[in-house]
Structures are given as structure tokens and as C-alpha cells.
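Here's the structure, in C-alpha cells; my notes come after.
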Amino acid sequence: MTDSSSRKQLVIPTLLLSLYVAQCLWFIGTQSLTCDEPAHMVAGLEALRDNKFEFLNDQPPLARVMFAAPLLLQKTQIYWYEWLQVRATSPSPEIIAWTGRPVSVVLGVILGIALWRTARKWFSGGAANFALALFAFSPGMIAHFSVMAVDGISTLMIFLTALQIARWWRDPSIKQTVLLGVVLGLLLLAKFYTPPMFVLAFLLVLILKPGGWKPNPLQWNWRQGFAVFLIAGFVVWAGYFFHVSRVHFGDGQATVSFPNRGENVGIPYRGKDFNFSVPFRANFNVLVPAAEYLEGIWLVKEHNKFGHPTFLLGRISRMGWNLYYPIAILLKWPTIVLLCALAGSVLAIRRKITLPPEWRVMLLFPALLFAMAIFSSIQIGDRHILPLYPFLLLLAAGVWEWAKEKRRWRIVLIAAVLLNVADVLRFAPDYLSYFNIFVKSDKSWTLLSDSNVDWGEGLLALRDYQRQHPNEELHLSYFGSVDPKIYGIRYTQLHESDRATGTVIVSAMDLTGHSFRDPMCYRWVLKYPRKAILNHTLHVCDVPADSK
């Protein structure tokens with residue numbers, strides 16, 4: 001293949017990735033800081049400035065430090081009240097967004113490239129372009145790779161882990177073993193739900209042999225397995241800046257003392273040391289590298305144990321439902337993508353297309369994640385299962401491979417891509433709030449809540465509304481961790497028991513009511529004319545003066 005023909009083959013994927021980046025930048029410039037972003041920024045800045053990992057240790061530091069690095073260069077400051085209600089920032093929140101969020105966009109581009117290269121290797125350039133076209137206009141891929149949060153990087157690392165396991169299976173050389181160890185270390189640093197996937201990868205390294213696997217433990221790849229384990233562990237230790245904690249055991253208690261930790265720790269405050277009971281009374285000390293990572297896993301385990309308020313189809317539960325994520329997928333992910341992935345699965349099962357042998361191994365990772373999600377008690381957004389999405393796009397690529405010699409079907413698939421573009425752009429640039437075409441946008445809050453519908457991203461749209469209606473007094477119930485005043489919005493806070501007249505604005509999240517004692521506390525506003533829905537998240541109602 002000549003250099004000229006190679007360059008020509010890159011024209012379409014380059015164009016598609018450019019369209020993807022353009023939508024990400026559109027999102028960055030029009031969406032206010034979401035609910036979780038301030039916490040990630042504060043934790044990342046604390047790690048870089050103070051060499052400690054104590055603030056809200058519910059996520060590993062990889063993404064947080066990456067986002068905070070450019071913020072550190074511009075001397076960013078986040079000022080907050082208790083429970084991380086941001087009251088001021090320096091510089092402005094818009095500048096902060098433009099500084100930190102592009103890091104996430106770069107990660108999204110890396111995922112798009114990895115997806116395209118994999119689909120081209122498995123099938124053809126046309127199939128790869130088809131998958132990338134669906135990727136470039138996927139709301140979840142745009143939104144969660146345009147915010148400073150951890151869902152994008154976990155999606156990327158799970159996909160890269162599956163790819164690297166497949167590559168190692170074909171070539172278990174020293175180079176690929178080292179690379180796999182590094183990838184697995186970064187996987188562990190991406191999100192606290194990844195340790196089971198690390199265990200899966202470690203077991204695969206032990207049993208896989210070129211062309212098959214060995215059930216006999218005596219024939220397993222023990223040297224490669226422990227090499228991968230040690231390299232991954234070193235990467236995790238490096239992610240915590242080579243911290244070593246002291247664990248003191250005595251009188252049936254264990255006390256963990258973390259480096260650089262103050263008296264008041266995180267949100268909620270837990271104190272300087274971490275204590276727990278042990279089933280023995282011996283007295284001794286142990287040094288533990290990166291003990292903050294183990295603390296974070298424990299915190300997530302406890303969160304899952306006690307559950308999280310969840311809203312589904314008008315019902316509220318603390319422990320969630322097994323069907324939550326399947327329903328979220330059907331409602332939140334583009335119908336065209338789901339149909340193409342389903343068609344690709346059927347074609348593969350019927351052997352109309354040929355998937356490479358490593359697909360069976362790669363599929364274990366999304367399957368494990370989906371099983372974990374089904375039984376999880378933390379159900380607060382389809383972002384938690386976003387790592388499934390790239391694998392669906394690979395299946396969708398197989399449909400093009402089957403149709404590439406069938407002119408009519410190629411036309412159908414091109415039309416499907418264009419329909420997907422039109423469908424997704426209905427919600428642009430507020431891709432976070434996307435629902436498929438079968439859901440009316442003003443009713444989406446009756447089906448799901450939290451980051452599925454409203455993650456606090458509507459303040460810029462609210463500011464534009466106020467500028468267009470300068471004489472209206474705004475009574476606002478807003479879901480988010482950023483005080484709207486930071487964006488220059490003048491408003492009166494609307495509390496649960498309040499009743500107001502004039503322009504009353506309620507977040508979609510607050511309309512669900514699943515985090516309030518009275519879930520119906522804000523729905524009284526729906527009795528009055530709704531003037532607008534700003535950014536798909538803020539319901540603007542006109543309450544007459546004589547309504548009290």
C-alpha cells in the first residue's frame with residue numbers, strides 16, 4: 001500500500017474524529033460544571049499541591065490528577081462550604097472548564113482511534129469508518145469525555161485492557177507482558193469498580209496459551225502472571241506518589257495512619273486515622289504501600305452495602321433494581337446503535353460474519369461489568385456501564401462487513417448513520433440529557449434521574465435566560481454542587497416547603513424528588529404553565545400571583 005493510498009484511507013476517520021471533537025468543544029462551551037466535577041478538581045489539586053489523598057477518597061487519583069495538572073498551572077482555587085457546595089472559584093468556572101475538560105476530550109479521541117484500528121483489523125476500513133461514525137455521534141461518548149469525571153477514563157481503560165489481553169494472547173513476549181502490567185495498573189487507577197476486572201485479567205494471563213488455554217495449574221503462566229501483578233502494583237503505588245502507610249495492630253483493633261493526612265478528612269469527615277476491628281489481639285506494625293487505594297475500595301464497598309437513592313420509572317428505592325441498567329440502556333443509548341449491535345450479534349451467532357478468536361476473551365470484560373452493575377446498589381446513571389458501549393460498536397461494525405458487497409444494504413446503513421446523527425443532534429449540545437426518540441424530552445425526568453437527566457449542567461442556559469428576561473425575579477430549586485451566583489445568576493432559593501409566584505424554576509433532578517423526604521415536594525409547579533425547559537434540565541414555570 002502506497003503512502004498516498006494510506007493517507008486517503010485516513011481522510012474519513014480524521015473527519016469523523018474532528019466532528020467528534022467539535023461536539024465535545026461545543027459541550028464544554030455551553031454546559032456549566034456538573035455536580036461531580038468540583039470534587040474531582042479539589043481532590044486532584046490537593047494531591048498535586050499537598051501530596052495527600054484524603055479529600056473524598058471515593059475514586060482513584062488517575063483522572064483527578066490529569067484534570068488538575070493544567071488547573072494547577074493557572075493557580076486554580078475552589079472555595080466551598082461544607083459538603084462541597086462551591087461558593088467561589090478563581091479563575092471563573094468557564095475558564096476552569098476550558099482548562100480541565102479538554103484533557104477528557106483527548107482521552108475520548110484515543111478511544112475513538114483504538115476503536116477504529118480494532119474494527120479495521122477485524123473487518124475492513126469501511127467497517128471501521130461505520131463504527132467510528134456511530135461513535136462520533138454517541139451522546140455518552142461526547143458528554144462523559146467532555147467533563148472532568150472518571151467515567152470516561154474507566155471506559156477507555158477497560159477497552160484497552162481487553163485489547164491488550166487479546167494482543168498478549170497472540171504474543172506473550174516480555175514486551176507485551178510489561179505493557180499489559182502497565183495497562184492493568186492504569187485500569188486499577190481509573191475507577192474503584194475495576195479490581196474484579198483486574199482479577200479476571202490476571203486469571204486469563206495464567207491460563208491462556210497461544211491458540212487455547214490450559215486447565216492444569218502446573219502448566220499455567222505463573223512467571224508472566226506474577227510479573228503482570230507486580231508491574232500493575234508498582235503503577236498503582238506510583239499513582240499514589242509512592243505513599244507508604246503504617247498499620248498498627250493491637251488489642252483486636254487495626255489503626256491505619258496515612259501520610260500527610262490532617263485531623264479533618266474528606267467529606268464526610270472521618271478523622272486522621274482509619275480504624276477497624278480484627279479477629280486477633282497481637283501487637284505489631286505493618287507498612288502498606290498505597291493504603292489509600294484500599295481505603296477507597298472499602299468506602300465504595302460500604303456505599304454499595306447501604307445503597308443509594310435511585311429513581312426508575314417513577315419509583316424510588318435505596319437498593320435499586322436488577323433491571324435498572326437494562327432499562328437505562330434502552331432509554332438512553334441511541335436506538336440505531338443498539339439495533340446495529342444486535343444485528344451484528346445475530347450475524348456472528350449465525351456465522352454470517354467472522355469474529356476473531358480473541359473476541360471470546362475480550363467479551364468477558366463487558367460481561368463481568370454488566371453482571372456487577374445488575375447486582376449493584378449504586379444506580380445513578382448509565383455512565384456506570386458506559387464501558388459496554390465500545391464493544392457494542394465493534395459488533396455494529398460487523399454489520400457493515402456483512403453488507404459491504406450488498407449495495408442496497410450499504411445504502412440502508414448509511415441512512416441509519418444519518419438518522420442517528422439527526423436523532424443525537426436533537427439534544428445537542430446537552431448530550432448528558434439525551435433520551436432516544438421514543439421519549440418526550442419534557443417527560444424524561446419521570447423515567448430516570450441523576451446524571452441520566454440532570455447533572456447540574458444547565459446554569460449557562462439559565463444565565464442566558466435571565467439576560468433575556470432581566471425584569472423577572474427567579475425562584476430556583478437547582479440540583480448541583482456549584483452556587484449559581486458564581487455564574488452571575490440572581491435568584492431566590494426555593495426550598496422544599498416554599499411556595500412562590502412569578503418565574504419558578506426547578507431542576508429535573510429535584511422534580512423526581514428521590515433525594516427528598518417528600519418526593520412530591522416540587523411537583524406543585526407542574527400545575528402551572530411551563531414557559532420553557534432550559535438545556536433539557538431546568539423547568540421554567542409561570543406561577544400567577546393569586547395562586548397562594
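Throughout, residue positions are numbered sequentially from 1 according to the sequence presented. Every value quoted in this text rests on a predicted model; they were computed, and no experiment measured them.
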*Between L180 and R167, does a side-chain contact (heavy atoms from CB on, under 4.5 Å) hold up when you go through it step by step?*
CA-CA 9 Å; L180 178 58; R167 180 182 298 176; over 6 Å; no
*asked:* Assess, by modelled atom type and distance only, whether the side chains of K214 and N221 contain a donor and an acceptor separated by less than 3.5 Å.
replied: no
*Can any side-chain N or O of N452 pair as donor or acceptor with the backbone N or O of S449 at less than 3.5 Å?*
yes
*Could you check F241, F258, Y293 and say which one makes a ring-ring contact (aromatic ring centres under 6.0 Å, His included) with F53?*
F241
_Any donor-acceptor N/O pair, K332 side chain to Y434 backbone, under 3.5 Å_ = yes
*Y324 and T310 side chains, donor-acceptor separation under 3.5 Å*: no
*Taking the six-membered ring for Trp, are H308 and H303 parallel (under 30°), tilted (30 to 60°) or perpendicular (over 60°)?*
tilted
_Shortest non-hydrogen contact between A114 and L163, atoms and distance_ = CB-CD1, 4.2 Å
*Return yes if a side-chain donor-acceptor contact under 3.5 Å exists between S173 and Q176, otherwise no.*
no
*Check S507 against F479 and note the closest heavy-atom contact, atom names and distance.*
OG-N, 2.9 Å
*Just how far is it from atom CG of L111 to atom CG of L160, taken to the nearest 0.5 Å?*
7.5 Å
*N260 (side chain) donor-acceptor with N51 (main chain) under 3.5 angstrom*: yes
*Over 12 non-hydrogen atoms of neighbours within 6.0 angstrom of CZ in F229*: no
*Step through the shown structure and confirm whether more than 12 heavy atoms of other residues, nucleotides or ligands are within 6.0 Å of NZ on K75.*
no
_Is it the case that the side chains of S433 and E457 hold a donor-acceptor pair, with the cut-off being a distance below 3.5 Å and no angle test?_
yes
*asked:* Within the supplied structure, the quantity of interest is the number of heavy atoms (other residues, nucleotides, ligands) at a distance under 6.0 Å from I174 CD1; does it exceed 12?
replied: no
*asked:* Which residue in the set F370, F135, W333 passes ring-ring contact (aromatic ring centres under 6.0 Å, His included) when paired with Y389?
replied: W333
*Using distance alone, with no hydrogens and no angle criterion, decide if T89 and Q77 have a side-chain donor and acceptor under 3.5 Å apart.*
no
_Tell me whether K209 at atom NZ has more than 12 heavy atoms from other residues, nucleotides or ligands lying less than 6.0 Å away._
yes
*Kindly give the heavy-atom pair with the smallest separation between T76 and P91, and that separation in Å.*
OG1-CD, 4.0 Å
*Measure across E358 and W169 and return the closest heavy-atom pair with its distance rounded to 0.1 Å.*
CA-CZ3, 3.6 Å
*Could you tell me which non-hydrogen atom of W321 sits nearest to which non-hydrogen atom of I316, and how far apart they are?*
CH2-C, 3.8 Å
*asked:* Can you confirm whether R170 is buried at CZ, in the sense that more than 12 heavy atoms of other residues, nucleotides or ligands lie under 6.0 Å from that atom?
replied: yes
*Got a donor-acceptor contact below 3.5 angstrom from the S138 side chain to the G140 backbone?*
no
*Are a donor atom and an acceptor atom from the side chains of D454 and Y478 found within less than 3.5 Å of each other?*
no
*asked:* If we ignore hydrogens and angles and just use 3.5 Å, is the side chain of D251 paired with the main-chain N or O of Q253 as donor and acceptor?
replied: no
*With distance as the sole criterion, is a donor-acceptor pair present between the side chains of S154 and Y193 under 3.5 Å?*
yes
*Stepwise, does the side-chain contact (heavy atoms from CB on, under 4.5 Å) test hold for D510 with F516?*
CA-CA 8 Å; D510 289 350; F516 300 124; 3.5 Å; yes
*Tell me yes or no: between the side chains of Q31 and N535, is some donor less than 3.5 Å from an acceptor?*
yes
*Would you find more than 12 non-hydrogen atoms of other residues, nucleotides or ligands less than 6.0 Å from R49 atom CZ?*
yes
*Under a 4.0 Å N-O cut-off, is there an ion pair linking D36 with R64?*
no
*More than 12 non-hydrogen atoms from neighbouring residues, nucleotides or ligands closer than 6.0 Å to CZ on F234, yes or no?*
no
*Would a distance-only check, ignoring hydrogens and angles, find a side-chain to backbone donor-acceptor pair under 3.5 Å from N304 to S377?*
yes
_Heavy-atom donor-acceptor pair, Y487 side chain to P93 backbone, under 3.5 Å_ = no
*Checking S477 side chain against E496 main chain: does a donor-acceptor pair fall under 3.5 Å?*
no
*Closest approach of L189 and L62, non-hydrogen atoms and distance?*
O-CB, 3.1 Å
